[in-house]
There are 2 protein chains.
Amino acid sequence: MGSEQAGRAPEDADAVRADSLAREIFTGVASKWSLLIIEVLRDRTLRFSELRDEVEGISHKMLTQTLRRLERDGVVHRTVHPTVPPRVEYRLTDAGRSLRDTVNGMCAWSRMHLDEIEASRHRFDAQQHA
Amino acid sequence: MGSEQAGRAPEDADAVRADSLAREIFTGVASKWSLLIIEVLRDRTLRFSELRDEVEGISHKMLTQTLRRLERDGVVHRTVHPTVPPRVEYRLTDAGRSLRDTVNGMCAWSRMHLDEIEASRHRFDAQQHA
DNA sequence: CAGGATCCCAAGCGATACTG
DNA sequence: CAGTATCGCTTGGGATCCTG
């Protein structure tokens with residue numbers, strides 16, 4: 001993850017710290033549920049229950065948990081309407097939208113290489129027990 | 001993950017299967033170690049032990065396990081030199097390199113939003129126990 | 001050196017019940 | 001409706017030992 005670890009003075013501790021932080025952020029964001037939520041939010045505003053339906057397969061717990069992390073990192077914005085019953089809406093922040101662009105790239109990649117990957121898997125599996 | 005789930009006939013089972021496959025591929029590839037390995041391979045050819053050193057924090061087991069998955073999906077290519085001791089080299093395939101481009105995007109995003117995210121976290125944490 | 005197999009613990013996650 | 005808390009299973013993944 002180093003921006004470029006070429007020749008860095010050992011006393012340059014800030015760069016090291018930044019690297020490990022970037023790494024921590026990267027691995028935090030690069031998780032199944034985070035990416036799926038980001039992907040599904042696109043540029044819409046969705047309520048908690050709508051997200052729950054759209055993400056498919058995610059549990060109540062994981063949804064809240066992941067949303068909290070994303071909110072904390074400033075990737076999604078959370079709006080609470082003080083009505084009864086409560087209405088809570090989620091949308092991507094600017095940072096979130098820029099992240100989503102790269103996530104879309106991964107989704108596109110998955111779709112684009114579907115057949116190629118499936119073929120590769122068959123080849124691989126056939127070879128194994130050979 | 002739907003390419004566009006607008007109006008799809010129920011009998012169009014192929015598209016549904018493709019979607020779930022794309023989803024499975026996406027969540028398979030979008031895992032911490034997979035992405036870090038792809039990131040570290042860039043356009044180099046690395047040996048098993050070199051990868052082990054470069055990925056930092058990965059265990060022997062996770063490295064082999066993840067490499068197998070990536071090889072099976074045709075993302076990395078594995079070359080075994082029948083020497084003694086054995087020499088095994090890994091490099092990205094064409095598909096792998098195109099995936100790496102989007103992974104790079106996520107890494108760049110992490111680095112670019114470092115301070116913004118850190119600030120957001122502090123704000124969030126301060127608010128909480130308020 | 002590459003990597004399979006085994007053991008085992010801790011984290012991830014789901015299910016359920018409860019609150020505002 | 002949105003969210004927290006608790007419990008328990010399941011899994012990920014580390015440590016270690018063994019083979020070609």
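Sequence lines set the chain letters: A, B, ... in the order given, protein chains first and strands last, and positions in each chain run from 1. Any value given below was found using the heavy atoms of this structure, including those in side chains, with hydrogens, waters and symmetry copies removed.
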task: Return yes if some donor-acceptor pair links the side-chain N/O of A/T45 with the main-chain N/O of A/Y90 below 3.5 Å, else return no.
output: no
query: If only side-chain N and O atoms of A/T64 are considered, is one of them under 4.0 Å from the OP1 or OP2 phosphate oxygen of D/dA2?
result: no
- prompt: Looking at A/R78, does any N or O in its side chain come under 4.0 Å of the phosphate oxygens OP1/OP2 on D/dG3?
  reply: yes
task: Look at A/R47 and D/dC1 and indicate whether a side-chain polar atom (N or O) is within less than 4.0 Å of OP1 or OP2.
output: no
query: Does the side chain of A/S98 reach to within under 4.5 Å of the side chain of B/H113, using non-hydrogen atoms?
result: yes
task: Can you tell me the distance, in whole Å, between the CE atom of A/M62 and the P atom of D/dG3?
output: 15 Å
query: Are any non-hydrogen side-chain atoms of B/F48 and B/R78 less than 4.5 angstrom apart?
result: no
message: Taking any atom closer than 4.0 angstrom to a non-hydrogen atom of chain A, what span of DNA chain C does the protein reach, first nucleotide to last?
response: C/dC13 to C/dG20
task: Nearest whole angstrom, please: distance from the C1' of D/dG13 to the CG of B/L67.
output: 15 Å
- prompt: Got A/T66 and A/L36 here, is their nearest side-chain heavy-atom distance under 4.5 Å?
  reply: no
task: For A/Q65 and D/dT4, give me the distance from atom CD to atom P, rounded to whole Å.
output: 10 Å
field: Sugar-phosphate only, base, or nothing, as touched by A/R68 at under 4.0 Å among non-hydrogen atoms
entry: sugar-phosphate
- prompt: Under the 3.5 angstrom rule, does the side chain of B/T27 hit a backbone N or O of B/R23 as a donor-acceptor pair?
  reply: yes
- prompt: How close or far is atom P of D/dC1 from atom CG of A/L63, stated in whole angstroms?
  reply: 14 Å
query: Under a 4.0 Å N-O cut-off, is there an ion pair linking A/R121 with A/E118?
result: no
query: To the nearest angstrom, how far is A/H60 atom NE2 from D/dA2 atom C1'?
result: 6 Å
- request: In whole angstrom, give the distance that lies between atom CD of A/E71 and atom P of D/dA2.
  value: 15 Å
Separation of atom CD1 in B/I37 from atom P in D/dG13, rounded to whole Å: 11 Å
query: Between A/K61 and A/V80, which is nearer to the 5' end of DNA chain D once each is assigned its nearest nucleotide?
result: A/V80
message: Reading DNA chain C from 5' onward, which residue's closest nucleotide shows up sooner: A/P86 or A/K32?
response: A/K32
- prompt: Any ion pair linking B/E54 and B/R44 (charged N to carboxylate O, less than 4.0 Å)?
  reply: yes
- prompt: How long is the line joining CH2 of B/W33 and P of D/dG13, in whole Å?
  reply: 8 Å
message: Can you identify which nucleotide, out of D/dG3, D/dT6, D/dG13, has its nearest atom closest to the A/F48 side chain?
response: D/dG3
